[in-house]
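Quick notes on the structure that follows.
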Amino acid sequence: MERVILHVDLDAFYASVEELRRPEIRGKPVVVCVYSGRTEDSGAVATSNYLARELGIKSGMPIAFAKRAAKGKDIVFLPVDMEHYREVSERIMNLLEEHADRFQQVSIDEAYLDVSDGCTGNYPCAEKIAQEIKGEIKEQEGITCSVGIGPNKYVSKMAGKRRKPDGLTVVRAEEVADFLKDLPAGKLHGIGGKTEEELNTLGIKTAADIAAYSLTSLEKEFGKNKAKLLHDKALGIDDSPVEQKDKQQLSRIATLKEDTDDTDKIFKKISELCSDMNKKLQNKIAFRTISLITIDTHLQTQTRSETIPEADDACSVLPSYRTLIDRFFSENPGKMLRRVGIRVSGLSYKDVKDKKEQKSLFDY
DNA sequence: CGACGTGTAAC
DNA sequence: CCTTTTACACGTCG
């Protein structure tokens, strides 16, 4: 049976939420920033609203660059408030879930909804759901979103990118090839700058160019898996189901006040990150592997990891982190670190299911 | 094969 | 001048 999938993307989410609670900044360019705390303007742009984007201020850009672009203009710079955005997001996601047979949240501001069953494969029905969703989010939270509708997750995501903000774009199965054909390879979700460069050297520029290339020739250049991925992206093929997946890893990373090779200072920062990690673990998740993440002066990332007997308290493995730090420096004498982080993986979830289920299991 | 480290990508 | 978090593929090593 043909599927019908919606992709919902909240427009300039952080900036929209800020405009909502600060009426005085409405109508102005707004830039929401992650300040690293090293210097006055060190850090990066998390999200900018559409007025700021018109001035060339985009996510990922260093704050200092953005301020230069903003020179002399009436632009609002704000620090991120993740806790607040998470609250708003949670309410919206709950609302979205109501409209789906199957639901998958992919980030704080994005989700996929499989409406195949409820709509029995009918696109107008899916469009109606999209309109309802847009109305509800606008009414209840004052935020606009862009929706893409397609025969799978990938096409719905690509469709949604077509019209923003406050867009609604439908791409039916029979329209997929035409919809994708002229898009530059790098615009296809999942194909980034590096891969685009590689493709360009082969004379491949657009989705149609990839599609015209034989899978066998792609395999020679990219290997079996990546070739298949490229081919599928070009043709709009995606069989992956809409389903909520458990996280496989959790990480926390922070920027040091200044570059350092002082293991005590680094260990102190790691300890803070561990306490923070425990908040995420919430007594619900155990882990088997821990990693130290290091980013040096030249922004080169390295990791050092160790598999340990299962643990559920990030702070309990601090001695192991100490060992990993020492290992890093003995293998990288003289290097200075700019940022450090921790990661736990090999997760197992202690199913704290509702008592009903626990009881039914117990009954057997 | 499992563990480990890197690179790519998206947000 | 350069944030944060997650996923996944791939190469290598034992």
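These numbers were taken from a predicted model, which means no experiment stands behind them. Order of the sequence lines fixes the chain letters, A, B, ..., with proteins taken first and strands second; residue numbering starts at 1 for each chain.
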Disulfide bond (SG atoms under 2.5 Å apart) contacts touching residues 222-315 of chain A (sequence neighbours left out): none
Nucleotide B:dG7, atom C1' - distance to CD of A:Q300 in whole Å: 11 Å
Sugar-phosphate only, base, or nothing, as touched by A:L324 at under 4.0 Å among non-hydrogen atoms: nothing
Between A:E306 and A:T323, a side-chain donor and acceptor under 3.5 Å: no
Touch class at under 4.0 angstrom, heavy-atom based, for A:R327 against every strand present: sugar-phosphate
Protein-nucleotide distance (A:E197, atom CD; B:dA9, atom C1'), rounded to Å: 15 Å
Closest to the A:A44 side chain, choosing from B:dC11, B:dC4, C:dT3: C:dT3
Sugar-phosphate, base or nothing in reach of A:G193, heavy atoms under 4.0 Å: sugar-phosphate
Touch class at under 4.0 angstrom, heavy-atom based, for A:S291 against every strand present: nothing
Selected nucleotide, minimal atom distance to A:R304 side chain, candidates B:dT6, C:dT3, B:dC4: B:dT6
Polar contact flag, side-chain donor to acceptor under 3.5 angstrom, A:T307-A:T289: yes
Working for side-chain hydrogen bond (donor to acceptor under 3.5 Å, both in side chains), residues A:T120 and A:N122: CA-CA 6 Å; A:T120 55; A:N122 178 297; 5.8 Å; no
Length of the CD1-P vector between A:I295 and B:dG7, whole Å: 13 Å
Under 4.0 Å protein heavy-atom contacts per nucleotide of nucleotides 5-14 of chain C, with B for base, S for backbone only and - for none: SBBSSS----
Sugar-phosphate, base or nothing in reach of A:S305, heavy atoms under 4.0 Å: sugar-phosphate
Distance, rounded to the nearest Å, where A:I63 contributes CD1 and C:dT4 contributes P: 10 Å
N/O (side chain, A:T307) to phosphate O (OP1/OP2, B:dG2) under 4.0 Å: no
Sugar-phosphate, base or nothing in reach of A:S42, heavy atoms under 4.0 Å: sugar-phosphate
Between C1' of B:dG7 and CD1 of A:I191, the distance in whole Å: 16 Å
Spacing of A:K153 atom NZ relative to B:dA10 atom P, expressed in whole Å: 15 Å
Sugar-phosphate, base or nothing in reach of A:K157, heavy atoms under 4.0 Å: sugar-phosphate
Under-4.0 Å side-chain N/O to phosphate OP1/OP2 contact, A:T301 with B:dG7: no
Aromatic plane relationship, A:Y85 with A:Y14 - under 30° parallel, 30 to 60° tilted, over 60° perpendicular: parallel
Selected nucleotide, minimal atom distance to A:Q302 side chain, candidates C:dT3, B:dT6, B:dA9: B:dT6
Distance in angstrom units between A:E272 CD and C:dT4 C1', rounded: 17 Å
A:R102 and A:Q104: CA distance, side-chain angles, deciding distance, side-chain hydrogen bond (donor to acceptor under 3.5 Å, both in side chains) verdict: CA-CA 7 Å; A:R102 281 162 294 280; A:Q104 179 177 10; over 6 Å; no
Distance test, side-chain N/O of A:S36 to OP1/OP2 of C:dT4, below 4.0 Å: no
Sugar-phosphate only, base, or nothing, as touched by A:R288 at under 4.0 Å among non-hydrogen atoms: sugar-phosphate
Path from A:I133 to A:Y123 over hydrophobic side-chain contacts below 4.5 Å: yes
Side-chain donor-acceptor contact under 3.5 Å, A:T195 with A:K226: yes
Side-chain N,O (A:R68) to OP1/OP2 (C:dC1) below 4.0 Å: no
Whole-Å distance separating the CG atom of A:D9 from the C1' atom of B:dA10: 12 Å
